[in-house]
Protein chains: 2
Amino acid sequence: MSLKHILLGMLANPASGYDLKKDFEYSLSNFWNAELAQIYPTLGKLEQDGLISSKVQPSSQGPNRKVYKRLKAGQNELTNWLKQGPIIPKMRIGYAAQFSFLQELNYEERLEFVYALQRDTKKRLAVLQKFVELYPLPGAEKQSEHFSTKQEKEAYALQALVIHHGLLRLQALLDWCDLAIAQMKAIK
Amino acid sequence: MSLKHILLGMLANPASGYDLKKDFEYSLSNFWNAELAQIYPTLGKLEQDGLISSKVQPSSQGPNRKVYKRLKAGQNELTNWLKQGPIIPKMRIGYAAQFSFLQELNYEERLEFVYALQRDTKKRLAVLQKFVELYPLPGAEKQSEHFSTKQEKEAYALQALVIHHGLLRLQALLDWCDLAIAQMKAIK
DNA sequence: TCGACCATGTAACTAGTTACATGATTCG
DNA sequence: CGAATCATGTAACTAGTTACATGGTCGA
């Protein structure tokens, strides 16, 4: 199960299941997501396996929190996972499958399908753009000098790059929408 | 379950479960895949639901084939699905999650991670390129005039576009690999 | 005759989703 | 006082994967 390793990675700093869910909802959701109903049992398994440990702490606002931290065994498991090389996802791109069946619809319905995809992509791009502004790539501008330690520079660069990955992906999709609309109009 | 609808879409022409698996392995695998162990039961459910029907036919080479064809109810189900608009996949991009944890590895290991991703992407791009050659976009060249009926032109254009979608996606990923390698070297 | 491919299926398991259950605090 | 947010969990279900079982045909 990949989520085990993802949570292990996210636990660079101690956090509760609820905290981790928040992380998914923000920037992380561009490349992974998980529901609380999956996070809690998975944290339980990680603890059983001795990869993380938990400590109950009072919350400033609400019931007690169960804060997890990564153990040495968890650290090892994580680096081993990373050393096994990049995991190429099995593609399940629903809209692309649907697109290849668009002959079943008429001209207007087909175009509307692609317009809807375009609108959705623009919306998601607008959300991402805010993160891109928070994490501009080092080089072009003068940021990154803000960071004193090498650790901080590295952390910043990785964050910025992963956000940029989402950006390139969404831009490529938008380009494709334009192409599809043009082609579909051309053969009308 | 999306696979139900995908199979329904793929059954524009009658086919057996084995045939459909072949379709996944070729061009389709760029945006969807399914194993035979999932295809056979799903075809069974579709038949139970009265969306497709089957007929056992002798094979020229091997045991009897169970050939399915789409019924009117299946056609309706398919168009309703398409009219509900594009399905935006929940992203589960393993390598991107891993990338955001690369601080756990040292410089050489991190670079090797991205090089491995680059190699894999180039490989997949080379495979796709063969389909791109079979289905060049109409407009630039003189193909698509080969097709007499509007139906054929439309089918060709949709195929060409969906293949091009994969192309743009992989090219964006390659661009990102270059960017990541450059940035990571810059902050070494 | 052996391996590759044709062809269909079941069983056990893993991963992920949706719905439900519970209860505290904070802000308007 | 009601809605939003904090906080953790279970149960039932859906989707997908891996392993296993069976057996036919064709070509080297």
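It should be emphasised that the depicted structure is a prediction, and the values quoted were computed from it without experimental measurement.
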Engineer: Quickly work out the Glu25(B) CD to dA4(C) C1' distance and round it to whole Å.
Structural biologist: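 Going from Glu25(B) (CD) to dA4(C) (C1'), I get 14 Å.
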Engineer: Dump the pairs, protein N or O against N or O of nucleotides 19-28 of chain D, anything under 3.5 Å, distances to one decimal.
Structural biologist:
none

Engineer: Can you name the residues that form a side-chain contact (heavy atoms from CB on, under 4.5 Å) with Leu158(A), not counting sequence neighbours?
Structural biologist: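 side-chain contact (heavy atoms from CB on, under 4.5 Å) list for Leu158(A), sorted by chain: Phe99(B), Leu102(B), Gln103(B).
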Engineer: For Leu174(B), check side-chain contact (heavy atoms from CB on, under 4.5 Å) against everything at least two apart and list the hits.
Structural biologist: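 Testing Leu174(B) for side-chain contact (heavy atoms from CB on, under 4.5 Å), a comparison that skips the adjacent residues, returns Gln118(B), Thr121(B), Lys122(B), Leu125(B).
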Engineer: Between Trp32(A) and Tyr40(B), which has a closest nucleotide on DNA chain C that is more 5'?
Structural biologist: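 Nearest nucleotide further toward 5': that of Tyr40(B).
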Engineer: Who passes side-chain contact (heavy atoms from CB on, under 4.5 Å) against Ala96(B), sequence neighbours left out?
Structural biologist: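 With neighbours one apart ignored, the set is Phe31(A), Val162(A), Ile93(B).
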Engineer: With side chains defined as the heavy atoms from C-beta onward, is the minimum distance between Arg169(B) and Leu168(A) less than 4.5 Å?
Structural biologist: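 No; the side chains remain at least 4.5 Å from each other.
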Engineer: Starting at atom CD1 of Ile6(B), determine the distance to atom P of dA15(D), rounded to an integer number of angstrom.
Structural biologist: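 It is 12 Å, rounded to the nearest whole Å.
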Engineer: Between dG9(D) and Lys66(A), is there an OP1 or OP2 to side-chain N/O distance shorter than 4.0 Å?
Structural biologist: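 It does, given that an N or O in the side chain of Lys66(A) lies less than 4.0 Å from OP1 or OP2 of dG9(D).
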Engineer: Between dA7(C) and Lys22(B), is there an OP1 or OP2 to side-chain N/O distance shorter than 4.0 Å?
Structural biologist: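 For Lys22(B), the contact criterion (side-chain N or O under 4.0 Å from OP1 or OP2 of dA7(C)) is not met.
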Engineer: Nearest-Å distance, CD (Gln38(B)) to P (dT14(D))?
Structural biologist: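 For the pair Gln38(B) CD and dT14(D) P, the rounded distance is 14 Å.
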Engineer: Would you give me the side-chain donor-acceptor pairs under 3.5 Å for residues 179-186 of chain B, sequence neighbours excluded?
Structural biologist:
{"from": "Gln183(B)", "atom 1": "NE2", "to": "Pro138(A)", "atom 2": "O", "distance (Å)": "3.3"}
{"from": "Lys185(B)", "atom 1": "NZ", "to": "Tyr115(B)", "atom 2": "OH", "distance (Å)": "3.2"}

Engineer: How many whole angstroms separate atom CG of Leu3(A) from atom P of dT17(D)?
Structural biologist: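 Distance, rounded to whole Å: 17 Å.
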Engineer: Just how far, in rounded Å, is C1' of dT8(C) from CD of Glu47(B)?
Structural biologist: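 Distance check: Glu47(B) CD to dT8(C) C1' gives 14 Å.
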Engineer: Rounded to whole Å, please give me the gap between OH in Tyr18(A) and C1' in dG23(C).
Structural biologist: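 Atom-to-atom, Tyr18(A) to dG23(C), this comes out as 13 Å.
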Engineer: How many Å lie between CZ on Arg65(A) and P on dG9(D), as a whole number?
Structural biologist: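 Interatomic distance, CZ of Arg65(A) to P of dG9(D): 12 Å.
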Engineer: Does dA7(C) have OP1 or OP2 sitting under 4.0 Å from an N or O in the side chain of Ser59(B)?
Structural biologist: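 Result: yes.
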Engineer: Would you mind reading off the distance between Glu35(A) atom CD and dA15(D) atom P, rounded to a whole angstrom?
Structural biologist: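 Taking atom P of dA15(D) as the reference, CD of Glu35(A) is at 16 Å.
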Engineer: Salt bridge between Glu112(A) and Arg119(A), side-chain N to carboxylate O under 4.0 Å?
Structural biologist: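 Yes, Glu112(A) and Arg119(A) are salt-bridged.
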Engineer: Both Leu36(B) and Lys90(B) contact DNA chain C. Taking the nearest nucleotide for each, which residue is further toward the 5' end?
Structural biologist: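 Nearest nucleotide further toward 5': that of Leu36(B).
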Engineer: Is Arg92(A) near enough to dG16(C) that one of its side-chain N or O atoms lies under 4.0 angstrom from OP1 or OP2?
Structural biologist: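 For dG16(C), neither OP1 nor OP2 has a side-chain N or O of Arg92(A) closer than 4.0 Å.
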Engineer: Partners of Asp19(B) by side-chain contact (heavy atoms from CB on, under 4.5 Å), sequence neighbours excluded?
Structural biologist: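 With sequence neighbours excluded, Asp19(B) shows a side-chain contact (heavy atoms from CB on, under 4.5 Å) to Ala15(B), Ser16(B), Arg65(B), given in chain and number order.
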